[in-house]
> 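Below are the structure tokens for one structure; questions will follow.
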Protein chains: 2
Amino acid sequence: MLPMATIRDVAKLAGVSVSTVSRVLNGGVVSPDTEARVNAAMKTLNYRPNRLAQGLVRQKTMIIGLIIPDITNPFFPAVARGVEDAAGAREYGVLLCNADWDEAKERFYLRRLEEQRVDGLVFAGPKLSTSVLAELPVPVVLIDRSYEGMDTVWTDNFDGARQAVSHLVSQGCSRIAHIAGPDSSPSARERLKGYQHALRECGREEDWVYIQEGDFREQSGYRAMKTLLALRRPPDGVFAANDLMAVGALRALEEAGVRVPGEVALIGFDGIALTEATRPRLSTVVQPAYELGRRAAELLFRRLEGDASPPEEVLLAAELAVRESSRRR
Amino acid sequence: MLPMATIRDVAKLAGVSVSTVSRVLNGGVVSPDTEARVNAAMKTLNYRPNRLAQGLVRQKTMIIGLIIPDITNPFFPAVARGVEDAAGAREYGVLLCNADWDEAKERFYLRRLEEQRVDGLVFAGPKLSTSVLAELPVPVVLIDRSYEGMDTVWTDNFDGARQAVSHLVSQGCSRIAHIAGPDSSPSARERLKGYQHALRECGREEDWVYIQEGDFREQSGYRAMKTLLALRRPPDGVFAANDLMAVGALRALEEAGVRVPGEVALIGFDGIALTEATRPRLSTVVQPAYELGRRAAELLFRRLEGDASPPEEVLLAAELAVRESSRRR
DNA sequence: ATGAAAGCGCTAACAT
DNA sequence: ATGTTAGCGCTTTCAT
């Protein structure tokens, strides 16, 4: 538990100057003989270079920030893991922040990360005005939300939703409902648009009456489905804007004794593990969550390495996974 | 995107010395008048104190490390969230590391965190020898594994397992199997012991022949259950050492057309969200994952505040959640 | 109440 | 090939 050795201690023990030690640390020219002595000294002192001090002079901390809404939400662990793997490979650390879909918290953590002088930032919070993000003194990559002039990586939510609805149509559904996400979420809005577009394409705008807004949580899917079932002519196909709400809808269906997919075909969005555990297994539009995180971090590192090309918008494909809850034929 | 203002810039603009600025920053004695001028200067320069520089002189970084096996494993997000909440409340940041149950990675990240001069560490990796952890120059709190002389917080795995088995007995099971976790996991070993103990208590050691070892993953639970079903006299009750393996077992049971809980009663361990999505819903022993993380972090902060009392072992209770997969009467 | 100056542990010119 | 030195941005005595 003694104070950690400094570069000075190493220098003294090895009988050289601190700059020589710094050189062996950072790969400068050093005679093999001194290098050996320095390394020996480092070992006996169990020396660890101080990243704070390095950061202060080099003006980089080798830390990036990651702001997400909530790591306990099943969509984000894979995102975080993707970011961490990309960072770890480059000797970067990741500072994790849970902002709870709360603008004040997003702001709070942003400030903290500024004070920490993180070298860059992956931001997956939906609330904070993008203009404040654009003014940050470090590169930022957005996840799941675009903004003119900033780097973004996101899933093609519009197309994913379109695929889901087309699939329901192909299964013979004639009244297709949508349990939408909160209007404040950019990706929820895209999914809603994709739903509307797909129906318009086959001349069925009248189904739009079956739109219910939820908040991405299981309970809201349950309630929305209850509402839909109480209609005079209930839908026979339901596209939920995320899996959690789809699971809630499934529960409502089950309680009402409605056969799935027989009477109502159901599909979700995200591709979380839960979808494989339900019976029937839940069809879903799989988001490449890990890739989302990894690509975002990799784009960030390209910026950190000096790439000054115009802002990129990386659009990752969503993939339809047809399982039991929507398969009728 | 201009370089961030320093304390010097603030001092100059406010017409005072840097030490005065530092005083208003840290609550020293300053005349109301100068304080106002300094604050104004900070605001116009959008000044953010540099935590690196502060850390270098104060010898603390306000960062703690968190080493876990894998954030995408459904048990850990809640743990991480607990740690983060406790840390955030004290203005600390959390550096997240995924060590993948891999000793080399645990070692690697440990080194990284040392270099980062984190003020302390919550360690949930199962592999690394505890003696190296005990020698760290900063306080460490272990999760889910105890070690003589170190702070630990963990779930009462032994008692949780005992509860699970007693419950199966009470449901009339006469041949109770255990799908164990890997022997390398301390908590898996405790659960196995709890299973054995409970059976011994009612004189049924003979059931021990029904022990199958898995690796905590879904697939291994599936395979273990297959093996058990192939037996001449298969078990009529199964306690899986975690929920993921229980889900796998459930799948095997379903494929074999075995009624659950009618012919085989099943119970898992952990209390992950998946257990509510299966049909039948999976009974389980709920671990207080969030609390595990929160308490670990809080114990760590007590140490950081100078508490030098003897090492603590915090044992959190596991709670039996009886759902459909094991309820027979 | 305020300022001057030393130093936290390191890197990066600049010398030699 | 190696050493000397001036900072990086801050806190903290010690003066005044």
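Everything quoted here is computed from the prediction, not taken from an experiment. By convention in this document, chain letters (A, B, ...) are assigned in the order of the sequence lines, proteins followed by strands, and residues within each chain are numbered from 1.
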> Return the value, rounded to whole Å, for the distance between atom CG of B:Leu25 and atom P of D:dG9.
15 Å

> Atom CD1 of A:Ile7 and atom P of C:dC8: how far apart are they, to the nearest Å?
14 Å

> Do any side-chain nitrogens or oxygens of B:Asn50 fall under 4.0 Å of OP1 or OP2 in D:dC8?
no

> Rounded to the nearest angstrom, tell me the gap between atom CD in A:Gln54 and atom P in C:dA12.
9 Å

> Check the distance between D:dG9's P and A:Glu114's CD and give it to me in whole angstrom.
16 Å

> On the nucleotide D:dT12, are OP1 or OP2 found under 4.0 Å from the side-chain N or O atoms that B:Ser22 carries?
no

> Kindly say if A:Thr20 contacts the phosphate of D:dG3, meaning a side-chain N or O under 4.0 Å from OP1 or OP2.
yes

> Would you mind reading off the distance between A:Met62 atom CE and C:dC10 atom C1', rounded to a whole angstrom?
15 Å

> Is B:Arg107 salt-bridged to B:Glu103, going by a charged N under 4.0 Å from an acidic O?
yes

> Which part of the nucleic acid, if any, lies within contact of A:Val30, taking any heavy atom under 4.0 Å across all strands shown: a base, the sugar-phosphate backbone alone, or nothing?
sugar-phosphate

> If you pin A:Arg48 and B:Val29 to their nearest nucleotides in DNA chain C, which one's is more 5'?
B:Val29

> Charged N to carboxylate O below 4.0 Å: is that the case for A:Glu114 and A:Arg111?
no

> Decide if atom CZ of A:Arg145 counts as having more than 12 heavy atoms of other residues, nucleotides or ligands within a radius under 6.0 Å.
yes

> If you go through the side-chain atoms of A:Arg23, does one of them form a donor-acceptor pair with the base of D:dG3 closer than 3.5 Å?
yes

> Could you tell me whether the phosphate oxygens of D:dG3, OP1 or OP2, come under 4.0 Å of any side-chain nitrogen or oxygen in A:Ser17?
yes

> Taking for each residue the nucleotide of DNA chain C with the nearest heavy atom, is it B:Ser31 or B:Arg58 whose nucleotide lies nearer the 5' end?
B:Ser31

> A:Gln59 CD to D:dC10 C1': how many Å, rounded?
13 Å

> Does the side chain of B:Ser19 get closer than 4.0 angstrom to OP1 or OP2 of C:dT2 through an N or O atom?
no

> In terms of the nearest nucleotide of DNA chain D, which residue is placed more toward the 5' end: A:Val18 or A:Thr34?
A:Thr34

> Which nucleotide sits closest to the side chain of B:Thr6: D:dT2, D:dG9, C:dC10?
D:dG9

> So, A:Asp70 and B:Arg81, do they make that salt bridge, N to O below 4.0 Å?
yes

> So that I can tick it off, tell me whether A:Arg51 and B:Glu115 are bridged by a salt bridge, with the cut-off set at under 4.0 angstrom between side-chain N and carboxylate O.
yes

> C:dG9 C1' sits how many Å from B:Leu56 CG, rounded?
5 Å

> Rounding to an integer number of Å, can you tell me how far B:Tyr47 OH sits from D:dC10 C1'?
7 Å

